Asker: 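One structure follows; several queries about it will come next.
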Amino acid sequence: MTIRVIIVDDQAMVRAGFAALLSAQADIDVVGEAPDGREGVRVSRSVHPDVVLMDVRMPEMDGLAAARELLNPPMGVVHRPKVLMLTTFDVDDYVYEALRAGASGFLLKDAPPADLIAAVRIVAAGEALLAPSVTRRLIADFAQQRPAPRRNRALRLRGLTPRETEVLELIAHGLSNQEIADQLVVAEQTVKTHIGRILSKLALRDRAQAVIFAYESGLVTPGDASA
């Protein structure tokens with residue numbers, strides 16, 4: 001199945017370069033471009049892409065506001081694409097907020113071409129693009145700025161089994177599936193099954209939201225970030 005993509009970036013050369021690279025892939029079709037967030041929302045609702053590559057900083061409407069528009073649409077709008085944020089910085093407060101809004105992850109704009117192609121495929125498949133190293137940096141830089149734990153989220157944790165709670169905590173510490181499997185002495189597929197159940201029970205979209213949920217529920221705290 002072909003992955004439909006639109007590219008939202010205020011730099012024409014960036015859009016052209018990404019479009020040329022992605023269009024050369026047999027399984028990816030670039031179906032639209034936009035120079036700012038507002039136009040990106042309009043194009044997305046017109047062509048219904050699977051994935052939106054969204055720059056963080058743009059005129060008219062920045063990537064964060066546009067991501068919120070796409071991921072939390074008004075009544076009557078049913079299409080919700082996956083959103084992959086593009087940034088020139090490896091940690092950006094806008095990106096953290098975008099993950100909270102439901103974006104599937106982020107990618108550095110100067111990442112190798114192969115990483116961009118892989119990122120589109122990963123996000124289109126419903127996975128979160130949030131590498132363990134990125135998770136750790138997000139935790140270290142932003143978790144201390146978050147509000148106090150939300151009681152309703154803490155209550156939702158009670159629906160998890162002890163093993164699922166343990167897996168969620170390890171995700172929040174930035175461990176990969178294989179690292180979690182090694183620590184718990186189970187198969188990686190077992191970890192994937194646990195993660196699927198966690199996301200389902202907590203009504204979370206992906207791994208990125210799971211990390212945020214773990215901190216906002218109080219399951220883990222910023223002081224645990226180096227664990």
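Quick caveat, the model's predicted, so the values are computed rather than measured. All heavy atoms count here, side chains included; hydrogens, waters and symmetry mates do not. Heads up: numbering here begins at 1 and tracks the sequence.
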Asker: Determine the minimum heavy-atom distance between Val83 and Ala67, stating which atoms define it.
Answerer: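 In this case the closest contact between Val83 and Ala67 is CG1-CB, 4.2 Å.
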Asker: Looking at every heavy atom in both Pro49 and His79, which two are closest together, and how far apart are they?
Answerer: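 Of all heavy-atom pairs spanning Pro49 and His79, the closest is O-NE2, 2.8 Å.
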Asker: With rounding to the nearest 0.5 angstrom, report the CG to CD distance, Leu53 to Glu33.
Answerer: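 Answer rounded to 0.5 Å: 10.5 Å.
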Asker: List in chain and number order the residues that pass side chain to side chain donor-acceptor pair (under 3.5 Å) with Asp182, two or more places apart in sequence or in another chain; answer none if no residue qualifies.
Answerer: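 Side chain to side chain donor-acceptor pair (under 3.5 Å) list for Asp182, sorted by chain: Gln178.
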Asker: By the ring pair (Phe, Tyr, Trp, His ring centres under 6.0 Å) test, which pairs, at least two apart or in different chains, include something from residues 109-128?
Answerer: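 Listed by first then second residue: nothing to list.
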Asker: Between CD of Glu164 and CG of Leu157, what distance do you get to the nearest 0.5 Å?
Answerer: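 These two atoms lie 11.0 Å from each other.
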Asker: Examine distances only and state if a side-chain atom of Arg38 and a backbone atom of Met61 form a donor-acceptor pair shorter than 3.5 Å.
Answerer: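 Judged by distance alone, no pair lies under 3.5 Å.
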Asker: Which atom pair, heavy atoms only, marks the closest approach of Leu184 to Glu166?
Answerer: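 In terms of heavy atoms, the two residues are closest at CD2-OE2, 3.3 Å.
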Asker: Would His173 and Val220 count as a side chain to side chain contact (heavy atoms under 4.5 Å, CB included) if you check the C-alpha gap in whole Å, the side-chain angles of each, and the deciding distance to 0.1 Å?
Answerer: CA-CA 8 Å; His173 286 325; Val220 289; 3.9 Å; yes
Asker: Any non-hydrogen side-chain atom of Pro73 less than 4.5 Å from a side-chain atom of Arg45?
Answerer: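 Counting from C-beta outward, Pro73 and Arg45 do come under 4.5 Å.
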Asker: If only atom types and distance count, is the side chain of Glu179 paired as donor or acceptor with the main-chain N or O of Ser176 below 3.5 Å?
Answerer: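 Indeed, once roles are kept as given, a pair shorter than 3.5 Å links the two residues.
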Asker: Return the CD1 to CG distance between Ile171 and Asn177, rounded to the nearest 0.5 Å.
Answerer: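 It is 7.0 Å, given to the nearest 0.5 Å.
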Asker: Quick one, Leu70 with Arg80, criterion side chain to side chain contact (heavy atoms under 4.5 Å, CB included). Give me CA distance, side-chain angles, the key distance, then yes/no.
Answerer: CA-CA 6 Å; Leu70 292 175; Arg80 297 188 187 190; over 6 Å; no
Asker: Taking side chain as C-beta onward, heavy atoms only, is Arg4 less than 4.5 Å from Val47?
Answerer: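 The answer is yes; the side chains approach within 4.5 Å.
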Asker: Is the backbone N or O of Leu21 less than 3.5 Å from a side-chain atom of Gln25, with the two atoms forming a donor-acceptor pair by type?
Answerer: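 Side chain of Gln25 to backbone of Leu21: a pair is present.
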Asker: Let me confirm one number: the CG-CE distance from Asp27 to Met1, rounded to the nearest 0.5 Å.
Answerer: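 Spacing of CG (Asp27) from CE (Met1) equals 10.0 Å.
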Asker: As an exercise, state the distance from CG of Leu160 to CZ of Arg158, rounded to the nearest 0.5 Å.
Answerer: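 If I round to the nearest 0.5 Å, the distance is 12.0 Å.
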Asker: From Ile7 CD1 over to Leu22 CG, what is the distance, rounded to the nearest 0.5 angstrom?
Answerer: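 Interatomic distance, Ile7 CD1 to Leu22 CG, rounded to 0.5 Å: 5.5 Å.
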Asker: If every non-hydrogen atom of Leu170 is compared with every non-hydrogen atom of Gln183, which pair is closest and at what distance?
Answerer: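 Looking at all heavy atoms of both residues, the closest pair is CD2-NE2, 3.5 Å.
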Asker: So, Ser217 side chain and Ala214 main chain: donor-acceptor pair closer than 3.5 Å or not?
Answerer: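 Checked: pair present.
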Asker: Check whether any side-chain heavy atom of Val186 sits under 4.5 Å from a side-chain heavy atom of Arg163, and report yes or no.
Answerer: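 Side-chain contact under 4.5 Å: yes.
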Asker: Under the rule for side chain to side chain donor-acceptor pair (under 3.5 Å), what residues qualify as partners of Arg42, not counting sequence neighbours?
Answerer: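 So Arg42 forms a side chain to side chain donor-acceptor pair (under 3.5 Å) with Glu39.
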Asker: Minimum heavy-atom separation for Phe18 and Lys109, please, with both atom names.
Answerer: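 Looking at all heavy atoms of both residues, the closest pair is CZ-O, 3.9 Å.
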Asker: Any chance you could lay out the side chain to side chain contact (heavy atoms under 4.5 Å, CB included) test for Leu168 and Leu202, step after step, and finish with the verdict?
Answerer: CA-CA 11 Å; Leu168 177 57; Leu202 298 178; 4.0 Å; yes
Asker: Working note: Val30 + Ile6, criterion side chain to side chain contact (heavy atoms under 4.5 Å, CB included); need CA distance, chi angles, decisive distance, verdict.
Answerer: CA-CA 6 Å; Val30 177; Ile6 69 170; over 6 Å; no
Asker: Which pair of non-hydrogen atoms, one from Val43 and one from Ala34, has the smallest distance, and what is that distance?
Answerer: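 Heavy atoms only, the tightest pair is CG2-CB, 4.4 Å.
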Asker: Check whether any side-chain heavy atom of Leu84 sits under 4.5 Å from a side-chain heavy atom of Met54, and report yes or no.
Answerer: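 Not in contact.
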Asker: With heavy-atom distances below 4.5 Å as the criterion, would you say the side chains of Val56 and Leu86 are in contact?
Answerer: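 SC-SC contact between Val56 and Leu86 ruled out.
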Asker: Short question: side chain of Ser23, backbone of Ala19 - any donor-acceptor pair under 3.5 Å?
Answerer: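 Pair found, side chain donor or acceptor close to backbone of Ala19.
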Asker: Considering only heavy atoms from C-beta outward, does the side chain of Ile3 approach that of Asp29 to under 4.5 Å?
Answerer: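 Of all side-chain heavy-atom pairs linking Asp29 with Ile3, none is under 4.5 Å.
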Asker: So, do Val5 and Val31 sit near enough that their side-chain heavy atoms are less than 4.5 Å apart?
Answerer: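 No; the side chains remain at least 4.5 Å from each other.
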Asker: A side-chain contact here means heavy atoms from C-beta on lying under 4.5 Å apart; do Val8 and Asp36 qualify?
Answerer: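 The answer is no, as the side chains (C-beta and beyond) never meet within the 4.5 Å cut-off.
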